[in-house]
Amino acid sequence: MPYANPDAPKGGRLTFGILGTFDSLNPMIVKGLAVQQIRGYVIESLLTRGQNEAFTLYGLLAESVETDDNRSYVTFRLNPKARFSDGRPVLAEDVLFSWALLRDKGRPNHRLYYAKVAKAEAPDPRTVRFTFTDANDRELPLILGLMPVLAKHAIDPATFEDTSLAPPIGSGPYQVSEVKAGTRVILTRSPDYWGRDLPANRGLWNFDEVRLDYYREVNGAFEAFKRGLYDFRVEHEPLRWHEGYDFPAARRGEVIRTEIRTGLPQPSEYLVFNTRRPLFADIRVREALTLLFDFEWINRNYFFGLYTRVGGFFAGSELSAYRRPADEREQALLKPYPPALQPAIVDGSWRLPVTDGSGRDRDTLGAALKLLSDAGYDLEGTTLRNRKSKAAFGFELLVTTRDQERIALAFARDARRAGIAVSVRVVDAVQFDQRKLAYDFDMIQNRWDQSLSPGNEQNFYWSSAAADTNGTRNYMGAKEPAIDAMIAAMLEARTHPDLVSAVRALDRLLMSGFYAIPLYNVEKQWIARWNRIQQPQTNALSGYLPETWWQRPTASGP
């Protein structure tokens, strides 16, 4: 791959510093907090991503793939060299077992995707064929190609949905060699890894050991990094990036900071309304609260002007509909759904509110109060009340980090000017994740990372089916037939222009629903690493990839 160094030396250790905790080594189920690196490092799929190409996969466990023009089926031929870590061959029965198990007991996205398979069969021990009858989903061959392949002989389906710290048997380049519950997992490179010479793996998986260390608190994690207790960190806090790296090792050049501009849609942060709550069921309320968020004040005072702000969910890419008028293809897709659309968003004239940056902008406050009045709320003294019930307007904003708390408190200050009481509640990462997965919140801060190849995951993010299924990422509870229709159009697209139009139409509907308040867009990845860790000169389109890094050789070896 162009973003890998095929001559990278093998050996050494890479240590991650991960915020949070874990109680499971199974990332394929809803229950528990799992170690996500099990996927990729320990458990492989039939195909692997090309990180420089939006819609391209390469052979991994599968040595060949076959489909037709309509993509009504896909056939995978397994590599005869493929082995699990216990030496057993990877066979078609393992693939069929994995598909059925994840369809019935896996995470909601697995259940959603794999249920579209009408028939699954194994013509011979190394061939598996999936047939899609009337699925109208051209992404399904790729989705099945990325399915994690589990060892049938090592899994009891009856206990699969239970959390477990038992090391799983996989076919990947690493095995779990040590587990300290909630604190540490150590992965050791398999000396007999079957796929080490595959072209797609050249220059990858270079460390003999990968150590995953968990930290409960963000500032403690940063102090550990400064002491060299882990090797790299992805920075998300502008103040820390701007001022926090002036410590001795950084001044000596032992810590290297890199800013990477990826080719993907910019990651974007939002304050998400839970529309399952009656308070947020009225779109006018959600739009009013969007008006009250003072981005200009926060960006200047908290973020050193490092952030931008874009409406929509595909910022900085051709997929974004923000400030773009709908083309003819979009208009045809959206024509049956006028009630779900804001005309200004369709014609591209809508803009996010821009304040004077004082924290006391009167124009946006007046516009917000007008919307709230239309929704049945009046300002009585310094309290906003429901016109009929006289109940005070207030809600809880759930956060888990100090950075989130700071934004939440600033927003609470903005809302207070409209008579709205926002209670900011700080919980630990474990409770935050549990409540988020169960939709037990009024409002949270969340980030959706998008790719240039959006597909079935959009159902997991926004569809009506996902709204009432615990564990999806439809945190706002969107249940809009027009959104479902745009996702279907996207999955049926046969050309790139058709895909772009369908995604932009989806983006317009999400903006029109005011399901979340856009906070800011991250234009670059901020990566800090100790110089004992080296990386290729060329980054992938998707940005940093630890699996391509290696340890700097010393005189006595890695």
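Predicted model only: the values in this text are computed from it and were never measured. Count residues from 1 along the sequence.
Tyr377 pairs by the ring-ring contact (aromatic ring centres under 6.0 Å, His included) definition with Phe393, not counting sequence neighbours. Applying the salt bridge (Lys or Arg N to Asp or Glu O under 4.0 Å) test to Asp137 and every residue at least two apart in sequence or in another chain returns Lys116. Residues satisfying the ring-ring contact (aromatic ring centres under 6.0 Å, His included) test with Tyr302, not counting sequence neighbours, are Trp297. The salt bridge (Lys or Arg N to Asp or Glu O under 4.0 Å) test applied to Lys105 returns no partner, not counting sequence neighbours. For the salt bridge (Lys or Arg N to Asp or Glu O under 4.0 Å) test, residues two or more places apart in sequence or in another chain that qualify with Glu237 are Arg406. With sequence neighbours excluded, no residue satisfies ring-ring contact (aromatic ring centres under 6.0 Å, His included) with Phe295.
Applying the side chain to side chain donor-acceptor pair (under 3.5 Å) test to residues at least two apart or on different chains, the pairs with a partner in residues 500-513 are Asp327-Ser501, Arg329-Ser501, Glu330-Arg508. Residue pairs that meet the ring pair (Phe, Tyr, Trp, His ring centres under 6.0 Å) test with at least one member in residues 476-504, sequence neighbours left out, do not exist here. Pairs passing the side chain to side chain donor-acceptor pair (under 3.5 Å) check and including a residue from residues 332-347, sequence neighbours excluded, read Asp347-Ser349. Residue pairs meeting the side chain to side chain donor-acceptor pair (under 3.5 Å) criterion with at least one partner in residues 479-488, sequence neighbours excluded, are Ser464-Asp484, Asp468-Lys479.
With rounding to the nearest 0.5 angstrom, the CZ atom of Phe395 is 7.0 Å from the CZ atom of Phe273. Taken to the nearest 0.5 Å, the OH atom of Tyr215 stands 10.0 Å off from the CD1 atom of Ile18.
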Under 3.5 Å, sequence neighbours excluded: what are the donor-acceptor pairs made by side chains of residues 423-432?
residue	atom	partner	partner atom	Å
Asp428	OD1	Val430	N	3.2
Asp428	OD1	Gln431	N	2.7

Can you give me every donor-acceptor pair (side chain of residues 263-271, partner residue at least two apart or in another chain, under 3.5 Å) with its distance?
residue	atom	partner	partner atom	Å
Ser268	OG	Gln266	O	3.1
Ser268	OG	Asn521	ND2	2.4
Glu269	OE1	Gln445	NE2	3.1
Tyr270	OH	Gly312	O	2.6

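Under the 3.5 Å distance criterion, with hydrogens and angles disregarded, a donor-acceptor pair is assigned to the side chains of Arg233 and Tyr230. Donor-acceptor pairing under 3.5 Å is recorded for the side chains of Asp356 and Ser358. With hydrogens and angles left out, the side-chain atoms of Asp361 and Thr364 include a donor and acceptor closer than 3.5 Å. Side-chain contact annotation: Tyr245 with Glu235, donor-acceptor N/O pair under 3.5 Å present.
Ionic pairing of Arg385 and Glu380 is present here: one or more N-O contacts between side-chain nitrogen and carboxylate oxygen are shorter than 4.0 angstrom. Remark: Glu223 engages Lys226 in a salt bridge, criterion side-chain N to carboxylate O under 4.0 Å.
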